[in-house]
Q: 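I have a structure I would like to understand better, so I am pasting it below and will then ask my questions one at a time.
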Amino acid sequence: MDIKENLINVLKGKEYERTPVTAFPSVLTTELLSMARTTFDDANHNAEKIAEIAGLLHDYTGLEGITIPLDLWFESESFGYIVERQEGTLMPIVTEAPFDSPEDIDIPSDFLNTGQFPHIEKAAKILHERYDDKNVPIIGEITGAFTILTDLVDLGKVIKMLNSDYIEIDDALEDINKLLVEEVKFYHDIGVDCIVVNDPSSTSGIVKPNLFADLIQPYLIELKDTMDVPGVLHICGDTNSNLENMLSCGYEGLSISQEVDISYAKQIKENIGSNSVICGNIAIGETLLMGGVDKIKKETKECLDKKVDILGPSCNIAYETPLNNIRAMVDARNEYYEKY
């Protein structure tokens, strides 16, 4: 069984050979930029470089999937909002949000023809040419509507509105989600095997479970209902109080952060009869970034002992993470299956 079939079978609840290991949120590191002899800007606006870096990650670490695009703020660029970067790092500068309120957001008519989308389309074609005969799954990434809203409007203002009358927020989410439905179709057209919806601002620390169910969940369900390929939902942080809602969104996979115990998530899944498989949740900071190979292998074994369905990082991997540390996660999975 090849790695594509193995991953898709897990997501669809079919027979598989071993626990897949991949990174659903996309990965871009300073080491990858160095290997490709390129800049952050070119890595996201040059189709050949997007494909090269995405492929290098798979080739070097053995991660069983290639996720595109590489920039966490790529959709905001199609709204005309360019995220600035601090000198000497890939971390974004906190700049003034482009719109004062949700009702001020200007919905672009050519969303999929601007920003990084044309480069992503060309990069996908290159990746298919290079990896289809190796049966490497290609994964598309979408940012959830609420997270895009908090990129475009000051988060503090949005939180205040959540605590009062959020009709204006709901109206904006409806408009943004219409664009994301078109984005799903875009990914279908470029031939991805899976789509991950990355919605970090919907974490329980910002949106309480009852509000998530009323305001966020309907749009996540709407996105999933338009997908012809398996979908994975990823929400960062401590989402223990919201697992039931997240597992009720209908995605084939739920990617959880390190704050959520795998066994607990699987218990909630069983309690409500959800078919979503549990993905994650190696700590990205103290383990993948700074932990070293022994710690990574220990935590990987713990995740596998808890019967995680798809092994991977708990969130977006830090830019400075050594590729050898990412590869150690794959090596540890391989060693686990050799032993057991």
Q: Is there a chain of hydrophobic side chains (I, L, V, M, F, W, Y, each step under 4.5 Å between heavy atoms) that links Leu289 to Leu63?
A: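 No, separate clusters.
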
Q: Is there a donor-acceptor pair under 3.5 Å between the side chain of Ser274 and the backbone N or O of Leu247?
A: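 Side chain of Ser274 to backbone of Leu247: a pair is present.
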
Q: Under a 4.0 Å N-O cut-off, is there an ion pair linking Lys306 with Glu302?
A: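 Answer for the salt bridge query: no.
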
Q: Donor-acceptor pair, distance only, cut-off 3.5 Å: does the side chain of Asp199 make one with the backbone of Ile235?
A: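 No: the side chain of Asp199 does not pair with the backbone of Ile235.
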
Q: Within a radius of less than 6.0 Å around CD1 of Ile82, do more than 12 heavy atoms belonging to other residues, nucleotides or ligands occur?
A: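 Yes, CD1 of Ile82 has more than 12 neighbouring heavy atoms, counting only those of other groups under 6.0 Å.
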
Q: Among Val184, Val232, Leu220, find the residue that satisfies the side chain to side chain contact (heavy atoms under 4.5 Å, CB included) test when tested with Val197.
A: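 So the option named by the test is Leu220.
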
Q: Pairing donors with acceptors under 3.5 angstrom, does anything connect the side chains of Asn44 and Asp71?
A: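 Asn44 vs Asp71: no donor-acceptor pair found between side chains.
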
Q: Rounded at 0.5 Å granularity, tell me how far CZ in Phe40 sits from OG1 in Thr30.
A: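 Those atoms lie 12.0 Å apart.
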
Q: What pair of heavy atoms forms the shortest contact from Ala283 to Thr287, and how long is it?
A: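 Looking at all heavy atoms of both residues, the closest pair is O-CB, 3.2 Å.
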
Q: For the residue pair Glu259 and Cys236, establish whether any side-chain heavy-atom pair is separated by less than 4.5 Å.
A: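 Of all side-chain heavy-atom pairs linking Cys236 with Glu259, none is under 4.5 Å.
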
Q: Does a donor on one side chain sit under 3.5 Å from an acceptor on the other, for Thr19 and Tyr337?
A: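 Yes, a side-chain donor-acceptor pair sits under 3.5 Å.
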
Q: Under 4.5 Å between side-chain heavy atoms, counting indirect links through other Ile/Leu/Val/Met/Phe/Trp/Tyr residues: same cluster for Ile326 and Met290 or not?
A: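 Ile326 and Met290: separate clusters.
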
Q: Looking at Glu252 and Lys224, does any basic side-chain N land under 4.0 Å from a carboxylate oxygen?
A: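 A salt bridge links Glu252 with Lys224.
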
Q: Between Asn281 and Ser257 (side chain of the first, backbone of the second, donor and acceptor by atom type, cut-off under 3.5 Å), is there such a pair?
A: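 Flag set: sc Asn281 to bb Ser257 pair under 3.5 Å.
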
Q: Shared ILVMFWY cluster between Tyr60 and Ile3, side chains joined below 4.5 angstrom?
A: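 Yes: a chain of side-chain contacts under 4.5 Å links Tyr60 to Ile3.
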
Q: Would Glu64 and Asn6 count as having a side-chain donor-acceptor pair, cut-off 3.5 Å?
A: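 Looking only at side-chain atoms, Asn6 and Glu64 do not form any donor-acceptor pair under 3.5 Å.
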
Q: Output yes when a side-chain donor or acceptor of Lys301 lies under 3.5 Å from a complementary backbone atom of Ala332, and no otherwise.
A: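 Side chain of Lys301 to backbone of Ala332, a donor-acceptor pair under 3.5 Å: no, none is there.
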
Q: Answer yes or no: is there a donor N or O on one side and an acceptor on the other, between the side chain of Asp193 and the main chain of Ile8, under 3.5 Å?
A: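 Here the side-chain-to-backbone pair does not exist.
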
Q: Are Gln258 and Glu286 linked by a side-chain donor-acceptor pair shorter than 3.5 Å?
A: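 Looking only at side-chain atoms, Glu286 and Gln258 do form a donor-acceptor pair, the distance falling under 3.5 Å.
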
Q: Step through the shown structure and confirm whether more than 12 heavy atoms of other residues, nucleotides or ligands are within 6.0 Å of CG on Asp132.
A: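 Enclosed: over 12 neighbouring heavy atoms sit under 6.0 Å from CG of Asp132.
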
Q: Side-chain contact test, heavy atoms from C-beta onward, threshold under 4.5 Å: evaluate it for Ile284 versus Thr321 and give yes or no.
A: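 No. Closest side-chain heavy atoms not under 4.5 Å.
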
Q: Among all residues two or more places apart in sequence or in another chain, which pass the salt bridge (charged side-chain N to carboxylate O under 4.0 Å, His left out) test with Lys185?
A: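 By the salt bridge (charged side-chain N to carboxylate O under 4.0 Å, His left out) rule, Lys185 matches Glu182.
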
Q: Does Glu244 CD have over 12 foreign heavy atoms under 6.0 Å away?
A: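 Atom CD in Glu244 is not packed in, count stays at 12 or less.
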
Q: Do Thr147 side-chain atoms and Thr143 backbone N/O form a donor-acceptor pair below 3.5 Å?
A: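 Side chain of Thr147 to backbone of Thr143, a donor-acceptor pair under 3.5 Å: no, none is there.
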
Q: Is the side chain of Glu31 donor-acceptor paired with the backbone N or O of Leu323 at a distance under 3.5 Å, no angle test?
A: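 Answer holds: yes.
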
Q: Hey, is the main chain of Pro69 close enough, under 3.5 Å, to the side chain of Ser26 for a donor-acceptor pair?
A: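 The answer is yes, because a donor-acceptor pair under 3.5 Å joins these two groups.
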
Q: Under a 3.5 Å cutoff, is there a donor and acceptor pairing between the side chains of Asp331 and Asn334?
A: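 There is no such pair (donor and acceptor under 3.5 Å, judged by atom type) between the side chains of Asp331 and Asn334.
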
Q: With the 4.5 Å side-chain cut-off for hydrophobic clustering, are Ile262 and Ile268 part of the same group?
A: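 Yes, one cluster joins them.
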
Q: Taking Leu254 as the starting point, is it possible to reach Ile221 by hopping between hydrophobic residues whose side chains are less than 4.5 Å apart?
A: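 Different clusters: Ile221 never reaches Leu254 through Ile, Leu, Val, Met, Phe, Trp or Tyr contacts under 4.5 Å.
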
Q: So, Glu168 side chain and Glu103 main chain: donor-acceptor pair closer than 3.5 Å or not?
A: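 Indeed, once roles are kept as given, a pair shorter than 3.5 Å links the two residues.
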
Q: Please determine if Asp309 and Lys266 form a salt bridge, counting it only when a charged side-chain N lies under 4.0 Å from a carboxylate O.
A: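 Salt bridge present between Asp309 and Lys266.
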
Q: Evaluate the ring-ring contact (aromatic ring centres under 6.0 Å, His included) criterion for residues Tyr219 and Phe146: first the C-alpha distance (whole Å), next the side-chain angles of each, then the deciding distance (0.1 Å), finally the verdict.
A: CA-CA 9 Å; Tyr219 296 111; Phe146 186 72; over 10 Å; no

Q: Flag the pair Phe111 / Phe79 as yes when their ring centroid distance falls below 6.0 Å, and as no otherwise.
A: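 They qualify: ring centres under 6.0 Å apart.
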
Q: Any side-chain to backbone donor/acceptor pair from Asn9 onto Glu15? Under 3.5 Å, distance only.
A: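 Side chain of Asn9 to backbone of Glu15: a pair is present.
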
